[in-house]
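Structure first, commentary second.
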Amino acid sequence: MILVYTGDGKGKTSACTGQTVRAMGQGMKVAFGQFMKRDGQAGEQTMLAQWLGPRFLAGGLGFLRRDEERPAHREAALHVLDWAREQLLEVDMLVLDESLYALGAGILLRDEVEDLLASARQQDKHLVLSGRNAPDWLVEAADLVTSMTEIKHPWRAGIKAAPGIEY
């Protein structure tokens, strides 16, 4: 199946992590890659690295803030993409967190994502993608799409990001 977790609310990475735990609990081999996120940036990375070893990669450079950073971000995304293609050959489920952020920023290209979808389907593997603003073509292609909707967030009240909650 192709699963997509999208929307402007919190919980997309948490859903990906939960999907990983659920699949592992069923004896499935899972790989989990993160576009855009640097290693050591978030709490889930510590646990995923322990559980998955080399099948976990946080290969991003953080938020894309300036256009001159685009080539470095593209290079990092291509590294994660190459790793993902290799992992897809070995696992039952491939999770690509923030892949939609990379796609929306033009760091990852539509044809590259479509190629991953086709490979996953051909190999009978589960592929999980997350990030804001899932494009219509991806929503149509996916088997399951969940949109996280923000109703209330402490950040709007001036409360800073909290460890274990936002990262």
Side-chain angles (χ1 to χ4, degrees), residues 1-23 28-45 47-49 51-52 54-65 69-123 125-149 166-167:
M1 286 193 182
I2 307 299
L3 292 79
V4 173
Y5 295 112
T6 192
D8 63 358
K10 184 184 158 359
K12 295 175 290 291
T13 298
S14 297
C16 287
T17 304
Q19 195 71 62
T20 298
V21 171
R22 177 170 284 167
M28 298 172 79
K29 197 178 211 182
V30 181
F32 193 116
Q34 291 182 313
F35 287 90
M36 311 310 287
K37 292 181 181 175
R38 293 183 315 274
D39 194 26
Q41 190 176 13
E44 76 274 0
Q45 294 171 334
M47 296 309 303
L48 289 167
W51 292 334
L52 302 175
R55 290 193 319 267
F56 172 72
L57 175 65
L61 302 178
F63 289 109
L64 175 62
R65 298 187 190 280
E69 298 172 343
R70 189 169 296 283
H73 279 271
R74 173 71 175 151
E75 187 176 324
L78 288 174
H79 173 68
V80 176
L81 185 62
D82 287 342
W83 172 89
R85 288 178 178 136
E86 290 173 16
Q87 294 301 313
L88 197 53
L89 299 171
E90 305 293 327
V91 299
D92 303 300
M93 177 182 285
L94 174 62
V95 180
L96 295 175
D97 186 33
E98 296 295 359
S99 51
L100 303 185
Y101 179 138
L103 179 65
I107 301 304
L108 204 57
L109 306 178
R110 176 178 174 166
D111 65 328
E112 293 165 339
V113 175
E114 288 177 325
D115 181 55
L116 278 175
L117 298 176
S119 294
R121 290 210 191 275
Q122 289 167 358
Q123 297 175 50
K125 307 289 178 86
H126 300 296
L127 178 62
V128 182
L129 305 174
S130 76
R132 291 176 182 235
N133 304 316
D136 292 341
W137 63 264
L138 179 58
V139 170
E140 182 64 30
D143 299 294
L144 181 150
V145 179
T146 298
S147 180
M148 312 302 187
T149 303
E166 279 88 20
Y167 61 93

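Numbering starts at 1 and runs along the sequence shown.
If you take CG on Leu129 and CG on Leu108, they are separated by 9.0 Å, rounding to the nearest 0.5 Å. Summarising the geometry, atom OG belonging to Ser130 is positioned 11.5 Å from atom CG belonging to Leu3; distances are rounded to the nearest 0.5 Å. Thr6 OG1 to Leu138 CG: the interatomic distance, rounded to the nearest 0.5 Å, is 8.5 Å. For the atom pair Arg55 CZ and Leu48 CG, the distance stands at 11.5 Å (nearest 0.5 Å). How far CD1 of Ile2 is from CG of Leu117: 5.0 Å, rounded to the nearest 0.5 Å. To the nearest 0.5 Å, the span separating OG on Ser147 from CZ on Arg132 amounts to 10.0 Å.
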Worked verdict on Asn133 versus Leu100 for side chain to side chain contact (heavy atoms under 4.5 Å, CB included): CA-CA 7 Å; Asn133 304 316; Leu100 303 185; over 6 Å; no
Worked check of side chain to side chain contact (heavy atoms under 4.5 Å, CB included) between Leu116 and Leu81: CA-CA 9 Å; Leu116 278 175; Leu81 185 62; 3.6 Å; yes
Could you walk me through whether His126 and Asp143 pass the side chain to side chain contact (heavy atoms under 4.5 Å, CB included) test, one step at a time? CA-CA 10 Å; His126 300 296; Asp143 299 294; over 6 Å; no
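Surrounding CE of Met28 are more than 12 heavy atoms belonging to other residues, nucleotides or ligands, all under 6.0 Å away. Residue Asp111 places its CG atom among more than 12 non-hydrogen atoms of other residues, nucleotides or ligands, all under 6.0 Å distant. For Glu75, the CD atom counts as loosely surrounded, since its 6.0 Å shell holds 12 or fewer non-hydrogen atoms of other residues, nucleotides or ligands.
Distance alone, capped at 3.5 Å, is enough to place a donor-acceptor pair between the Arg70 side chain and the Ala105 backbone. With hydrogens and angles disregarded, a donor-acceptor distance shorter than 3.5 Å links the side chain of Lys125 to the backbone of Val91.
Between Trp83 and Ala31, the shortest heavy-atom contact is CH2-CB, 3.9 Å. Nearest heavy-atom pair across Cys16 and Val95 is CB-CG1, 3.6 Å. The nearest pair of heavy atoms linking Gly11 to Met148 is O-CE, 3.5 Å. Heavy-atom minimum distance, Phe35 versus Glu98: O-CB, 3.2 Å. Nearest heavy-atom pair, Gln41 versus Arg38, reported as atom, atom and distance to 0.1 Å: OE1-N, 2.8 Å. The heavy-atom pair separating Ala84 from Leu94 by the smallest distance is O-CD2, 3.6 Å.
Residues meeting the salt bridge (Lys or Arg N to Asp or Glu O under 4.0 Å) test with Asp82, sequence neighbours left out: Arg85. In this structure Ala58 satisfies the side-chain contact (heavy atoms from CB on, under 4.5 Å) test together with Gln34, Asp39, Gln45, Phe56, sequence neighbours excluded.
In this structure, Trp51 and Val30 have side chains that are not in contact, with every pair of non-hydrogen atoms separated by 4.5 Å or more. In this structure, the side chains of Leu127 and Leu96 come closer than 4.5 Å at one or more pairs of heavy atoms.
Within the structure, side chain to side chain donor-acceptor pair (under 3.5 Å) pairs that include any residue of residues 11-22 comprise Tyr5-Gln19, Thr13-Lys37, Thr13-Asp97 (at least two apart or interchain).
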